[in-house]
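The structure appears below as structure tokens.
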Amino acid sequence: MSIAVRLPDDSLRQLPEGATGTDLAAGIGPRLLEAALAIKQDGQLTDLKAPLRDGAKIEILTAKNEDSLELIRHSTAHLLAHAVKRLYPNARVGIGPTIEDGFYYDFWVEKPFTPEDLPVIEAEMKKIVAEGIEVVREDLDRDAAIARFNEMGEPLKVEVVSGIPQGDRISGYRQGDFYDLCRGPHIPNTNKLKAFKLLSIAGAYWKGDEKNQMLSRIYGTAFHSQRDLDEHLQRLEEAKQRDHRKLGKELDLFSFHPQAPASPFFHPKGTVVYNALVDYIRELYNKYDYKEVITPQILDVSLWKTSGHYDNYAENMYFTTAEEREYAVKPMNCPGHCVLFGSTKHSYRDLPLRIADFGRLHRYERSGVTHGLTRVRTFCQDDAHLFCAPDQIKAEMASFLDLLKEVYDTFAFTEMRVALSTRPEKRLGSDEIWDAAEGALAEALTEAGVPFKLNPGEGAFYGPKIEFQVLDALKRPWQLGTLQVDYMLPERFDLNYTKPDGTEGRPVMLHRAILGSLERFFGILVEHCAGAFPAWLAPVQVAVLPITDRVAPFAEEVGAKLRAAGFRVDLDLRNEKVNAKIREHQLRKVPYMLVLGDREAEAGSVSVRHRTQGDLGVQTLEAFLASFQAEVAERRR
RNA sequence: GCCAACUUAGCUCAGCUGGUAGAGCAGCUGAUUCGUAAUCAGCAGGUCGCAGGUUCGAAUCCUGUAGUUGGCUCCA
């Protein structure tokens, strides 16, 4: 008996029955056999050593295939566990999945691992690779697996297997003296693992539940080649160089102090950027017909009880008391806006009413979760609430999309990912209302030609939401914008508007933000542009650098003219060589430097140097002013 | 909040197994007036996060505490 399988080039190959991927690869050629990592049978990933099915379409995976990278990482996770078990026989293994960019493995150990342990473990892993141990699949039925893991003293594995229905078979893999529960597939031999690195250690709750015990997790990554690994490590290094916390300090943008944990102090330079962001959004609010308001910081608890925050959000709120009356510092603007909306009578002609607010918010965050500017305890959002009639949702969504695209384009966030989260199990409102809301959002996205992903059941209980993600210069995703449909707050605050027929209607509220938190956006932007802000945002836009004291008066004149034209100027009159001045302003990423010597003073011209383009030559001050003015006015990237 | 690590001059960092603090840059002073990424010299600057403890003696060891960092849980 023999079987036939079809290769990707559509050719048929006859093999004896029971033949495996290894046999197939060997039959084709020794180099393929050497490179083969796994096979795909009719699109399904399996071990190289799995028996081939008659008539199946077979693809042999090598390092060239995308899918095989995950395979490598998964097998490296096993390799890690194998090494740990050799070095620390008392360690109990948890789970070891692949993640984006690598893998991790959790261990239950008496004493958590330390960074010094990593090189030792890594060396042991390399030893196991050098030993070239075969990786073989050994399936067991559930009860046998429980017995085996009990015998091995692996309670966590027993727990995992116990979750599998009785009678099912579980798959496992053995490499030498190490056996692990695993769905597979895996590479055929440990010697296929050539490039890996252990990166860090962290505590992690068993099954991600903080009520469970804390395990010691080791993170690592693996690639097909040392070159790919090096490249990845270099990307990590690049990310470190761009870290907004590092750049924030170096560029004198902001700082943090123990007196106000997780709450940024923006320095003059950072404040310039921050305000420029707000000014920009404000300008668009005019264009898109929003009304900006300023609302109180501290409001009576009764308001938060009405809004539902008191019951659902209290652990993130700050409270305060005065004259025996209890207040809360606002964590969100929406209840205040509801107060505003409800304070006067509204006609359908008033809708949509777009209320914007840059109010400062305070949210208590648990101490371990804060991070630089991206997760803070006080921030403000480019927040607005659109009060509209139910049939206006779609149009509002469409207009918001335009606004959003305009903004992201300005900041050179060229890639956007959109997700629509729909009704969850537990929700407010009738199915008809949800149908209409979800439909309106989806339609608006479709009509705008915006592709989106559906997250069924992920919506808020008060309405569906859309989340907008951008990719930064290092291709890292960040969620910035959001639009949430809310039926609950108008209900809770009993908001009404008079419809054309004279009856009262309930408005819908759309919560929306473009940049999200300004603090967070600031941090992301710093990393996105590596601290080199576009000219319109740069804290110092032009540095004026006289070469000698003789031209100081001329430099002051140039500086004054630039300032009069509305620019942020650093007039550098220090007794330093031009080279030193240039170097310093270059390191501070100042977009333009004007080098002024006797020649310029004589001719009334300026010698322009751009931070990336270098020496642009001499021009008249007027010419420079005009072109620079245009660059700033257009908010060129 | 949980696990782990870190905290030395304004910044970046040295300081081996405990013997009482050091560099570069920044700052200040002086000299130099020098055309596209660092001019030279001098001076000054720290109760080694904070509070206890061990010790003849602590930046170094122990305990507690604060902040930060990497994760977990949570989240803009």
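Note on naming: letters A, B, ... go to the chains in the order of the sequence lines (proteins, then strands), and numbering restarts at 1 for each one. Note that this is a predicted model, so its numbers are computed, not measured.
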*Consider only side-chain N and O atoms of A:E406 and A:Y288, and report whether a donor and an acceptor are under 3.5 Å apart.*
yes
*Can you check the A:R583 CZ to B:A37 P distance for me, whole Å?*
11 Å
*What is the distance, rounded to the nearest whole Å, between atom CG of A:L545 and atom C1' of B:A37?*
12 Å
*A:D549 has an atom CG; how far is it from atom P of B:A31, in whole Å?*
12 Å
I'd like a table of atom pairs between the protein and nucleotides 7-12 of chain B - only N or O on both sides, under 3.5 Å - with the distance next to each one.
from, atom 1, to, atom 2, distance (Å)
B:U12, OP1, A:K249, NZ, 3.0

*Pick base, sugar-phosphate or nothing for A:A262, based on heavy-atom distances below 4.0 Å to the nucleic acid.*
sugar-phosphate
*Using 30° and 60° as the class limits, which term best fits the ring planes of A:Y290 and A:Y285: parallel, tilted or perpendicular?*
parallel
*Start with the C-alpha distance between A:Q613 and A:Y592, add both sets of side-chain angles, then the distance that settles side chain to side chain donor-acceptor pair (under 3.5 Å), and finish with yes or no.*
CA-CA 10 Å; A:Q613 295 159 38; A:Y592 286 97; 5.9 Å; no
*Would you mind classifying the nucleic acid contact of A:R550 as base, sugar-phosphate or nothing, using non-hydrogen atoms under 4.0 angstrom?*
sugar-phosphate
_Heavy atoms only, 4.0 Å cut-off, all strands: where does A:G372 land among base, sugar-phosphate and nothing?_
sugar-phosphate
*NA contact type, A:E576, heavy-atom cut-off 4.0 Å: base, sugar-phosphate, or nothing?*
base
*For A:Q259, report the nucleic acid contact type (base, sugar-phosphate, nothing); a contact means any heavy atom under 4.0 Å.*
nothing
*Whole Å only: how far is the NZ atom of A:K246 from the C1' atom of B:C6?*
17 Å
*Base, sugar-phosphate, or nothing: which does A:L587 touch, judged by heavy atoms less than 4.0 Å apart?*
base
Using nucleotides 71-76 of chain B, report all nitrogen or oxygen pairs with the protein that are shorter than 3.5 Å.
from, atom 1, to, atom 2, distance (Å)
B:G71, O3', A:Y219, OH, 3.0
B:G71, O2', A:Y219, OH, 3.2
B:G71, N2, A:G203, O, 3.3
B:G71, N3, A:G203, O, 3.3
B:C72, O4', A:G203, O, 3.3
B:C72, O2', A:Y205, N, 3.2
B:U73, O2', A:E210, OE2, 3.0
B:U73, O2, A:R366, NH1, 2.9
B:C74, O2, A:R375, NH1, 3.3
B:C74, O2, A:R375, NH2, 2.5
B:C74, N3, A:R375, NH1, 3.1
B:C75, O2, A:R375, NH1, 3.2
B:A76, O2', A:R520, NH1, 3.0
B:A76, N6, A:E365, OE2, 2.5
B:A76, N6, A:V376, O, 2.7
B:A76, N1, A:V376, N, 3.3
B:A76, N1, A:V376, O, 3.2

*Would A:R73 count as a cation-pi partner of A:F103, with NZ or CZ less than 6.0 Å from the six-membered ring centre and within 45° of the ring normal?*
no
*Does A:R375 use its side chain to pair, donor to acceptor, with the backbone of A:T370 at less than 3.5 Å?*
no
*Looking at A:D383, A:N333, A:D486, A:T482, which one forms a side-chain hydrogen bond (donor to acceptor under 3.5 Å, both in side chains) with A:H511?*
A:D486
*asked:* Under 3.5 Å, is there a donor on one side chain and an acceptor on the other for A:S216 and A:K111?
replied: no
_Can you classify the ring geometry of A:F256 versus A:F254 as parallel (below 30°), tilted (30 to 60°) or perpendicular (above 60°)?_
perpendicular
*Measure up the A:F411 and A:Y280 rings against each other and bin them: parallel (under 30°), tilted (30 to 60°), perpendicular (over 60°).*
perpendicular
*What does A:D615 touch in the nucleic acid at a heavy-atom separation under 4.0 angstrom: a base, only the sugar-phosphate, or nothing?*
base
